[in-house]
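In what follows, chains carry the letters A, B, and so on, assigned in the order in which the sequence lines appear, proteins first and then strands, with residues in each chain numbered from 1.
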There are 2 protein chains.
Amino acid sequence: MNRLCTLTAPKGRPREFDLDDALAGALRVFWRNGYEGASMAELTAEMKITKPSLYAAFGNKEALFHKALDLYEREKLAYMTYALDAPTARAVAENLLRGALQMQSSTCDPKGCLSVISSVACSPEAEPIKAEVAKRRASSQAALIRRFDEAKAAGEFPEGLESDALMRYLFAIMQGLTIQSGSGATCAELNQLVETAMSVWPTK
Amino acid sequence: MNRLCTLTAPKGRPREFDLDDALAGALRVFWRNGYEGASMAELTAEMKITKPSLYAAFGNKEALFHKALDLYEREKLAYMTYALDAPTARAVAENLLRGALQMQSSTCDPKGCLSVISSVACSPEAEPIKAEVAKRRASSQAALIRRFDEAKAAGEFPEGLESDALMRYLFAIMQGLTIQSGSGATCAELNQLVETAMSVWPTK
DNA sequence: GCCTATTCATACCGTTCGGTATATAGTGAG
DNA sequence: CTCACTATATACCGAACGGTATGAATAGGC
């Protein structure tokens with residue numbers, strides 16, 4: 001039933017575009033305009049394919065967004081995973097802040113955070129998008145809490161400071177960073193924000 | 001030329017709805033859905049007027065948004081002005097954070113920040129909206145920088161900390177707070193965020 | 001060559017978008 | 001009452017929305 005060798009050419013006319021290239025184009029559009037702000041016309045233009053090709057290859061707009069979000073997390077949010085490997089909570093925070101800063105400093109990618117852009121403003125019919133983004137964010141937050149729990153157990157935290165509180169605080173700064181980046185802040189200003197956040201980072 | 005007494009009834013058929021009530025309804029819709037996510041159908045439904053009445057009274061969708069934004073800043077962001085009267089930079093920051101927290105704790109208003117919601121995600125044709133929000137935010141930020149300059153001159157700041165850096169940092173936390181509020185954080189969690197931010201607030 | 005399967009390009013679907021023409025209803029001025 | 005003026009309600013506008021039917025084009029299997 002299942003095809004064992006997927007390298008053999010499938011039966012019909014071969015697809016004339018590259019799936020990954022097209023998905024990268026879709027990601028750019030969603031990133032620039034958010035889920036609802038991205039129109040099929042702009043998507044197909046940037047993906048350099050026609051609408052029927054898009055629907056055949058990706059399903060529909062929502063399914064395309066999910067795949068673009070997968071790509072985004074895999075390629076652009078990878079630093080979030082690596083950041084957790086740092087030896088101290090402070091180093092984890094610095095990795096996260098500098099990772100976010102570096103991403104917002106890219107000259108070829110859109111500004112702001114795809115997740116925030118696509119979930120912060122949505123009309124009623126885009127609630128599923130908001131829910132999906134919230135679900136993924138929750139798993140990132142849970143991972144950071146677990147890492148901070150380790151740090152707390154290692155005696156890194158001042159008294160009274162809880163892991164979830166610190167996670168929430170750090171996420172807020174990162175979210176603010178992406179907001180400010182999206183509304184025209186310069187790299188120098190964002191760097192200033194990171195430096196300030198690190199300069200006040202709690203020590204025991 | 002100009003009518004000196006505006007209290008006399010104007011000539012034609014009197015308007016059957018209250019301008020302020022209608023505008024308050026529009027604000028609710030823009031606040032829930034953002035500028036682009038708010039449709040004329042939802043606006044007229046919430047404002048309890050018909051489309052021609054809306055256009056006669058407010059101009060068009062963009063002009064209506066501007067008036068709603070005025071109302072929002074006047075009624076919901078008033079705490080930002082009062083906050084600057086506090087005696088120290090730390091008290092200013094606490095006023096701002098607690099003001100934002102209190103606003104997000106309202107059970108009758110939508111969650112999140114209208115300005116962020118309406119400017120963070122917009123398709124190309126909504127760029128003027130983004131620019132207008134950016135302009136207003138810049139004036140708020142300038143006011144906070146001036147206030148922090150006073151505090152710095154009064155010797156409240158640790159060495160090397162600049163007013164604009166601290167402003168940017170504080171705004172980031174407030175923006176993160178509204179993002180988290182809009183994506184389902186509880187009042188307790190937001191309060192935890194404020195407490196954490198205040199607990200790390202820089203002292204000399 | 002022929003059949004089947006898949007992609008491609010065009011043209012189109014019904015719905016919703018922001019915005020308006022038109023005709024009627026309600027007011028003050030004369 | 002009539003006129004001038006404004007607000008109302010209905011019905012409509014062209015454009016853009018997300019999504020698809022259709023037929024030609026291109027491949028493998030026989």
How close or far is atom [atom2] of [N] from atom [atom1] of [X], stated in whole angstroms?
{"X": "B:Y55", "N": "D:dA11", "atom1": "OH", "atom2": "P", "answer": "19 Å"}
{"X": "A:K48", "N": "C:dA9", "atom1": "NZ", "atom2": "C1'", "answer": "18 Å"}
{"X": "B:E36", "N": "C:dT16", "atom1": "CD", "atom2": "C1'", "answer": "15 Å"}
{"X": "A:R15", "N": "C:dA9", "atom1": "CZ", "atom2": "P", "answer": "13 Å"}
{"X": "A:F58", "N": "C:dT7", "atom1": "CZ", "atom2": "P", "answer": "12 Å"}
{"X": "B:E125", "N": "C:dG19", "atom1": "CD", "atom2": "C1'", "answer": "15 Å"}
{"X": "B:K51", "N": "C:dC17", "atom1": "NZ", "atom2": "C1'", "answer": "8 Å"}
{"X": "A:M47", "N": "C:dT7", "atom1": "CE", "atom2": "P", "answer": "14 Å"}

Below 4.0 angstrom from OP1 or OP2 of [N], is there any side-chain N or O of [X]?
{"X": "A:R13", "N": "C:dC8", "answer": "no"}
{"X": "B:S53", "N": "D:dA7", "answer": "no"}
{"X": "A:S39", "N": "D:dC17", "answer": "yes"}
{"X": "A:T50", "N": "C:dC8", "answer": "no"}

Please determine, for the side chain of [X], which listed nucleotide ([options]) has the closest atom?
{"X": "A:M40", "options": "C:dG19, D:dT8, D:dG18", "value": "D:dG18"}
{"X": "A:P14", "options": "D:dT26, D:dG18, C:dC8", "value": "D:dT26"}
{"X": "B:K11", "options": "D:dG19, D:dC5, D:dA7", "value": "D:dC5"}

Q: Enter the distance from B:L114:CG to B:T178:OG1 here, rounded to the nearest 0.5 Å.
A: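 Going from CG on B:L114 over to OG1 on B:T178, the span is 11.0 Å.
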Q) Is any side-chain N of the basic residue among B:R32 and B:E42 closer than 4.0 Å to the acidic one's carboxylate O? A)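 Yes, B:R32 and B:E42 are salt-bridged.
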(Q) Do the side chains of B:R136 and B:D70 get close enough for a salt bridge, i.e. N-O under 4.0 angstrom? (A)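 Salt bridge present between B:R136 and B:D70.
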**Q.** Position toward the 5' end of DNA chain C (nearest nucleotide), B:N60 or A:A56
**A.**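 Between the two, 5'-proximity favours A:A56.
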Q: Assign each of B:G12 and B:A38 to its nearest nucleotide of DNA chain C by heavy atoms, then name whichever residue's nucleotide is nearer the 5' end.
A: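 Between the two, 5'-proximity favours B:A38.
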Q. Does atom OH of A:Y79 have more than 12 heavy-atom neighbours, drawn from other residues, nucleotides or ligands, at distances under 6.0 Å?
A.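 Correct, the count exceeds 12.
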Q: Can you see which heavy atom on B:A172 is nearest to which on A:L177, and at what distance?
A: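 Answer, listing the atom of B:A172 first, then A:L177: CB-N, 4.4 Å.
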